[in-house]
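Let me begin by presenting the structure, written as structure tokens, before commenting on it.
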Amino acid sequence: MPELPEVETVANGVNARVCGRKIASVWLGRHKEPFKTPRAEMADALPGMRIERVYREGKHIVFDLARDKSVKSQWVVHLGMTGRLLVSAPEVPMPEHTHAVLGLTGGNELRFADARRFGRLALVNGAGFHGPGHEPLTISPEDFVALFRGRKTSIKAALLNQKLLHGVGNIYADESLFRAGIRPTAVAGLLSRARLLGLRTALGEILRKAIELGGSSVSDYVDADGVAGFFQLEHKVYMRTGEQCLVCGRPIRRIVIAGRGTHYCAHCQR
DNA sequence: ATATGGCCCTGGTTGC
DNA sequence: TGCAACCAGGGCCATA
């Protein structure tokens, strides 16, 4: 599932391929789930817009669009679980479950495909799109500690709460808690300042490493080139239920928190 | 305000 | 062997 590192990889890859292109044509599929903005409105607004920049904001991919100096919009893509953004020549066969195709000047097509239809496309007027939470890579130590103050929920659930931190999903929540030696069930508001600072450091290190390696992949993520990432070899607890902890050798346990599979080592994480 | 659980979706895996 | 049930989970919504 694409989280911050995968989304960043896709955004950068797409940016390199479509920056400066103009949207010449728009095709939108018949399924309604992917469209937060009505299809008619999106199909009407996009043609003629120039793509000025593509970047990541939390788990969102933001396309800065401009028609002229005064008309600016943003096309915001969320990949959900299985969403893919591909830049392809028109003769490349259309993937299954394609929901949107933007024809670009220069001949290529920007395609959005999503089997499970958890992904979302939206059109935002102006240029001020911001995700709901703090960026995990740039949040200050003090702000990070303050996020969890007074919270009675588990630290794992808090990490997944996008209103607090924007971009952390199930993989990096589990991996950062393992790296920080914190039990996922720990009550967020009761963790010491020192342990929370350790978690911030662990999370930052893991996210940066994953970005370096081009994003994780379990099965659904494909970057803008159509090549799967390989960071899954590095996962220390995620989806390793019953296997040996790479540090102490004891079996990795699996529980469910906030409806998500949660993997941890009971010996290394207290 | 905060927290929790159900729901949407399809494809890969499991089990009979 | 074939098919059905189950599981994966991000975000949204209703509910407590």
Side-chain angles (χ1 to χ4, degrees), chain A residues 1-11 29-38 56-62 76-85 94-100 112-122 124 129-136 146-177 184-191 203 207 210 215-222 228-229 232 235 237-243 252-264:
Chain A
M1 60 288 332
E3 301 180 29
L4 187 153
E6 295 79 23
V7 175
E8 173 125 351
T9 302
V10 173
R30 61 187 171 85
H31 289 288
K32 62 174 170 35
E33 290 93 342
F35 299 96
K36 282 183 91 168
T37 303
R56 178 192 64 78
E57 164 84 25
K59 288 184 199 172
H60 299 272
I61 298 166
V62 183
V76 181
V77 177
H78 193 298
L79 298 175
M81 287 287 294
T82 51
R84 295 179 298 155
L85 269 180
M94 196 63 67
E96 277 190 275
H97 308 291
T98 297
H99 302 293
F112 174 74
D114 183 12
R116 222 168 290 183
R117 303 211 288 273
F118 281 11
R120 292 293 180 263
L121 306 174
V124 179
F129 177 81
H130 283 292
H134 283 80
E135 276 291 329
L147 284 183
F148 304 103
R149 204 169 286 148
R151 303 235 164 232
K152 293 181 166 63
T153 189
S154 66
I155 187 64
K156 163 82 184 249
L159 281 175
L160 292 178
N161 183 348
Q162 302 295 298
K163 288 175 184 166
L164 302 180
L165 286 172
H166 196 184
V168 181
N170 206 37
I171 297 174
Y172 298 102
D174 280 5
E175 293 296 318
S176 62
L177 286 170
T185 51
V187 175
L190 296 181
L191 285 166
L203 180 59
L207 292 175
S216 284
S217 172
V218 171
S219 62
D220 296 318
Y221 161 71
V222 177
Q232 76 272 22
H235 293 161
V237 288
Y238 180 72
M239 286 300 228
R240 294 194 64 242
T241 310
E243 293 177 38
I252 299 299
R253 297 189 187 179
R254 181 186 183 277
I255 57 176
V256 175
I257 297 178
R260 305 294 176 255
T262 298
H263 315 77
Y264 71 101

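Reminder, nothing fancy here: chain letters follow the sequence lines and each chain counts from 1.
Minimum interatomic distance between Leu177(A) and Pro184(A) (heavy atoms only, all atoms of both residues): CD1-CA, 3.8 Å.
At the phosphate of dT4(B), OP1 or OP2 sits under 4.0 Å from a side-chain N or O atom of Thr153(A). Phosphate proximity of dG11(C) to Arg120(A): absent, as no side-chain N or O sits under 4.0 Å from OP1 or OP2. Contact between the side-chain N/O atoms of His78(A) and the OP1/OP2 oxygens of dG11(C) is found at a separation under 4.0 Å. OP1 or OP2 of dC9(B) has not a single side-chain nitrogen or oxygen of His31(A) nearer than 4.0 Å. For Arg116(A), no side-chain nitrogen or oxygen approaches OP1 or OP2 of dG12(B) to under 4.0 Å. Contact check, Lys163(A) against dA1(B): no side-chain N or O comes under 4.0 Å of OP1 or OP2. Phosphate contact (OP1/OP2 of dG11(C), side-chain N/O of Lys36(A), threshold under 4.0 Å): absent. When the side-chain nitrogen and oxygen atoms of Arg117(A) are compared with OP1 and OP2 of dT10(B), one or more of them lie within a distance under 4.0 Å.
Of the possible donor and acceptor atoms, one in the side chain of Glu3(A) sits under 3.5 Å from a partner among the backbone N and O of Tyr172(A).
The aromatic ring centroids of His166(A) and His130(A) lie 6.0 Å or more from each other.
Atom C1' of nucleotide dG10(C) and atom NE2 of His166(A) are separated by 10 Å, given to the nearest angstrom. For Arg84(A) and dC9(B), the CZ to P distance is 19 Å, given to the nearest whole Å. For the pair Phe148(A) CZ and dT2(B) P, the computed distance is 14 Å after rounding to whole Å. Summarising the geometry, the separation between NZ on Lys156(A) and C1' on dT4(B) is reported as 15 Å, rounded to the nearest angstrom. One can place NE2 of His263(A) at 13 Å from P of dC7(C), the figure rounded to the nearest angstrom. When rounded to the nearest whole Å, the span between CE of Met81(A) and C1' of dC12(C) equals 15 Å. In this structure, the NE2 atom of His99(A) is 17 Å from the P atom of dC8(B), given to the nearest Å. The distance between atom CD of Gln162(A) and atom P of dC13(C), rounded to the nearest whole Å, is 15 Å.
Salt bridge status for Arg56(A) with Glu135(A): present, with a side-chain N to carboxylate O gap under 4.0 Å. A salt bridge is defined here as a Lys NZ or Arg NE, NH1 or NH2 lying under 4.0 Å from an Asp or Glu carboxylate O, and Lys156(A) with Asp174(A) meets this definition.
Among the nucleotides dG11(C), dG11(B), dA8(C), the one closest to any side-chain atom of His97(A) is dG11(B). Checked against dG10(C), dC7(C), dT10(B), the side chain of Arg254(A) finds its nearest nucleotide in dC7(C). Checking dG10(C), dA3(B), dC9(B) against the side-chain heavy atoms of Glu33(A) singles out dC9(B) as nearest. When distances run from any side-chain atom of Arg151(A) to the nucleotides dG11(C), dT10(B), dT2(B), the shortest one goes to dT2(B).
The base of dG6(B) is not paired with the side chain of Arg260(A) by any donor and acceptor separated by under 3.5 Å.
Counting any heavy atom pair closer than 4.0 Å across all strands shown, Arg149(A) reaches no nucleic acid atom. Here Gly119(A) lies out of heavy-atom contact (under 4.0 Å) with every strand.
Taking the six-membered ring where the residue is Trp, Phe112(A) and His99(A) present tilted rings, their angle falling between 30° and 60°.
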